[in-house]
Amino acid sequence: MKLSYFNVRGRAEIIRWICKQADIPLTDERFESAEWAEKKKTISGGKVPVLFVKEYTLPQSLAIARFVAKKGGLVPENDLEAAFVDALADTLYEVMTEFYKTAMSEKSDEDKQKIWKEEWLPKTVVPVMDKLEKRLKGREWYVSDKLTWGDLAMGVVFGDVKELHADAFKNHPALAAHTDKVRALPKIKSWLETRPVTKL
Ligand SMILES: N[C@@H](CCC(=O)N[C@@H](CS)C(=O)NCC(=O)O)C(=O)O
């Protein structure tokens with residue numbers, strides 16, 4: 001299978017993590033923004049990420065993530081638990097959509113940092129962190145009694161948040177510990193050490 005996306009973590013990173021954790025071979029095709037106009041013409045739907053699988057081109061990051069997670073045993077067998085993982089992924093997707101709105105704007109880097117710190121973090125991220133913190137107290141994994149792709153999605157998002165705004169985790173010790181634990185999973189740790197370094 002081949003994943004095609006810009007040379008950023010963005011909406012593709014969760015898919016890359018799932019494939020690493022589940023040992024699913026994946027060609028991680030990346031392209032630069034300058035190549036996009038030409039590339040876009042070749043992709044029905046004109047958006048990325050897409051997964052090339054057999055003769056198909058599968059769009060939508062969360063559909064792709066769920067597809068590879070199922071293959072890799074990272075979706076709970078219990079339907080209700082699986083739905084809670086989906087709900088968690090949707091919540092994190094919404095959090096990141098707010099982040100990308102600013103990232104893609106014409107604002108200066110300085111203004112973007114200010115908006116993320118003073119608006120996005122307190123208004124969008126912290127209310128979600130509060131909810132996650134409550135649920136995680138006394139639990140090893142967020143939904144199920146074993147690791148799911150929802151935990152990986154949390155690791156992707158909150159790892160980045162923690163690097164940017166470590167202070168925000170002072171009141172969220174269970175979430176901080178969960179983030180560290182996910183990022184210390186041997187296959188994830190190795191990916192973090194070797195993945196291309198990109199801004200987003
Ligand atoms: N809901 C879609 C969103 C896809 C999307 O908007 N992708 C952006 C990059 S993150 C894109 O292709 N932008 C270029 C364009 O629209 O021309 C998903 O999660 O995959």
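Computed from a predicted structure; not experimentally measured. Start at 1 and go down the list; that is how both ligands and their atoms are numbered. Counting begins at 1 with the first residue of the sequence.
Not a single donor-acceptor pair under 3.5 Å links the side chain of E81 to the backbone N or O of P76. Within the 3.5 Å criterion, the main-chain N or O of L152 finds no donor-acceptor partner in the side chain of Q21.
Distances from atom 7 (N) of ligand 1 to the heavy atoms of L200, I15, V48 put V48 nearest.
Considering both main-chain and side-chain atoms, Q60 comes within under 3.5 Å of ligand 1 through a nitrogen or oxygen pair. Residue P49 has no nitrogen or oxygen atom sitting less than 3.5 Å from a nitrogen or oxygen atom of ligand 1, judged on distance alone.
Shown in contact with K40 at under 4.0 Å from a heavy atom are these atoms of ligand 1, numbered in order with element: 15 (C), 16 (O), 17 (O). For ligand 1, the atoms closer than 4.0 angstrom to any heavy atom of S61 are 18 (C), 19 (O), 20 (O).
Of the protein's non-hydrogen atoms, the one nearest atom 16 (O) of ligand 1 is K47 NZ, 2.7 Å.
Looking only at side-chain heavy atoms (C-beta outward), I18 and L74 come within less than 4.5 Å of each other. Between L175 and M154, the closest side-chain pair of non-hydrogen atoms falls below 4.5 Å. With contacts defined as side-chain heavy-atom distances shorter than 4.5 Å, the pair W141/L136 does not qualify.
Note on ring orientation: taking the six-membered ring where Trp is involved, the planes of F158 and F169 are perpendicular (angle over 60°, cut-offs 30° and 60°).
With a 4.0 Å heavy-atom cut-off, ligand 1 is reached by the side chain of Y93 but not by its N, CA, C or O.
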